[in-house]
Undergrad: 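Here it is, the structure, as structure tokens.
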Amino acid sequence: MSRIAVLVPGKMHERALARLKERYDVIEADAASLDAEMAKRIRGVAVSGTFKAASIDALPNLEVISSFGVGYDNVDAKHAATKGVVVTNTPDVLNDEVADTAIGLLLNTVREFPRAENWLRAGNWTPGKSYPLSRFSLKGRHVGIYGLGRIGQEIAKRLEPFKVKISYHTRTRNADVPYDYYPTLKDLAEAVDTMIAIVPKTPQTHKTINAEILSALGPEGVFVNVGRGWTVDEEALAAALKSGAIGAAGLDVFYDEPHVPAALLDLPNAVLLPHLASGSVPTRNAMADMVVDNLAGWFEKGEPLAPVPETPLKG
Ligand code: A2R
């Protein structure tokens with residue numbers, strides 16, 4: 001019997017690709033470029049980027065799309081659902097790494113460690129000269145977490161030993177956590193002086209971090225984003241950082257990656273990272289394994305490890 005054909009459009013983690021090739025006939029191409037015979041053979045897709053409705057429609061016998069990463073906004077999961085195609089992602093295995101990054105980025109933003117290191121490397125540390133005191137401290141801050149899901153809860157747990165007050169905003173209150181709940185983002189922004197965003201890219205989260213929310217955070221305010229750049233009105237953020245409406249920002253994600261607006265690059269009070277929150281070898285390996293194991297689970301047992309909520313499971 002011939003092996004199951006799996007399409008890999010675009011770039012894929014090397015370990016995932018190697019493991020896929022052990023099990024499946026891997027076709028590395030775009031869906032649109034396949035001839036009709038090949039398109040009919042494809043039963044699975046492993047993707048690390050975009051997979052939209054037209055690509056799904058081009059594969060008549062597609063059963064499953066295994067997406068690399070926890071955010072699967074690049075895959076048209078709603079359209080997949082209408083076609084009975086299961087979409088999977090790689091949640092949980094990256095929670096610790098992303099939460100660790102969030103804490104590192106928060107400290108870097110508040111205490112200016114990257115700028116201080118650049119100052120040292122530039123030869124400025126000479127007798128009698130010391131790096132200026134950081135304007136801000138993490139001590140005594142009130143941190144609001146926008147999105148208290150799998151990753152948000154790990155961030156909150158890591159913040160506890162820093163002795164900061166922790167509050168959160170989500171659409172639904174979580175009765176199992178000891179943090180104060182705010183039913184609107186504006187209420188949260190008014191109550192806290194530090195905000196960490198870790199919400200998915202959805203129509204409801206688009207540019208929700210806007211001028212109003214930033215001005216509610218206030219001049220001592222610090223904003224950190226490890227979720228999606230989509231959530232932020234970057235023009236408003238750059239303006240708020242420049243005018244002093246907020247104090248500082250730490251960003252791992254941007255609206256139109258890899259484009260980072262010049263207005264942000266120019267600011268001394270922004271710490272900017274190239275979307276690396278889950279980017280360690282061990283964590284990316286675990287995510288790569290999950291991409292393969294989702295497909296294997298589906299093809300061998302009809303049970304992928306992590307189907308997304310939009311897509312039904314069929315037996
Ligand atoms: O709103 P809820 O109760 O569904 O809580 C979720 C929250 N969330 C929102 N909060 C306020 N307004 C919204 N419109 C909204 N939409 C979602 O975000 C939940 O607390 C959190 C998402 O948690 P999880 O689904 O467990 O996602 P996880 O694994 O923490 O990853 C979050 C995102 C990914 O989607 C990637 O975009 C990024 O982090 O790596």
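Quick note: residue numbers are just sequence positions, from 1. Every number for a ligand or one of its atoms is a count from 1 in the order of the listing.
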Undergrad: Grouping I, L, V, M, F, W and Y whenever their side-chain heavy atoms are under 4.5 Å apart, do Val271 and Val253 come out in a common cluster?
TA: no

Undergrad: Below 4.0 Å from any atom of ligand 1, is there a heavy atom belonging to Tyr168?
TA: no

Undergrad: Any Lys/Arg nitrogen of Asp266 or Lys242 sitting under 4.0 Å from an Asp/Glu carboxylate oxygen of the other?
TA: no

Undergrad: Between Leu7 and Val75, is there a shared hydrophobic cluster once you connect ILVMFWY residues whose side-chain heavy atoms come closer than 4.5 Å?
TA: yes

Undergrad: From the options His142, His169, Lys165, select the one residue that forms a side-chain hydrogen bond (donor to acceptor under 3.5 Å, both in side chains) with Asp180.
TA: Lys165

Undergrad: Would Leu251 and Leu217 show up in the same hydrophobic cluster when neighbours are defined by side-chain heavy atoms closer than 4.5 Å?
TA: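 The answer is yes; both residues are in one hydrophobic cluster.
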
Undergrad: Using a plain distance cutoff, I'd like to know if Thr202 has any nitrogen or oxygen under 3.5 Å from a nitrogen or oxygen of ligand 1.
TA: no

Undergrad: Between Tyr255 and His206, does the ring centroid distance fall short of 6.0 Å?
TA: yes

Undergrad: How far is atom 10 (N) of ligand 1 from its nearest protein heavy atom, and which residue and atom name does that atom have?
TA: Thr170 CA, 3.5 Å

Undergrad: Counting from 1, what ligand 1 atoms have a heavy atom of Thr205 closer than 4.0 Å?
TA: 13 (C), 14 (N)

Undergrad: Should the pair Glu97-Arg284 be classified as a salt bridge under the 4.0 Å nitrogen-to-oxygen rule?
TA: no

Undergrad: Counting non-hydrogen protein atoms only, what is the nearest one to atom 35 (O) of ligand 1? Give residue, atom name and distance.
TA: Pro200 CB, 3.2 Å

Undergrad: Report the member of Gly147, Gly227, Gly71 with the shortest heavy-atom distance to atom 7 (C) of ligand 1.
TA: Gly147

Undergrad: Evaluating non-hydrogen atoms only, which member of Val98, Leu94, Val308, Thr172 is closest to atom 3 (O) of ligand 1?
TA: Thr172

Undergrad: For atom 12 (N) of ligand 1, which candidate among Gln204, Arg150, Arg171 provides the closest heavy atom?
TA: Arg171

Undergrad: In the protein, what heavy atom is nearest to atom 8 (N) of ligand 1, and what distance, to one decimal place, separates them?
TA: Val199 CG1, 3.8 Å

Undergrad: Using the ring centroid of each side chain, check whether Tyr182 and Tyr168 are separated by less than 6.0 Å.
TA: no

Undergrad: Say you draw a straight line from CD of Glu14 to CG of Leu17; how long is it, rounded to the nearest 0.5 Å?
TA: 8.0 Å

Undergrad: Tell me, which protein residue and heavy-atom name are nearest atom 23 (O) of ligand 1, and how many Å apart are they?
TA: Gly149 CA, 3.2 Å

Undergrad: Which ligand 1 atoms, with their elements, are less than 4.0 angstrom from a heavy-atom of Val70?
TA: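 By the 4.0 Å cutoff, the relevant atoms are 29 (O), 34 (C), 36 (C), 40 (O).
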
Undergrad: Taking distance alone, with N or O pairs closer than 3.5 Å, would you say Ile151 contacts ligand 1?
TA: yes

Undergrad: Heavy atoms only: which of Thr208, Ile198, Asn225 is nearest to atom 39 (O) of ligand 1?
TA: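 Selected option, by shortest heavy-atom distance: Ile198.
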
Undergrad: With heavy-atom distances below 4.0 Å as the criterion, list the atoms of ligand 1 near Leu148.
TA: 20 (O)

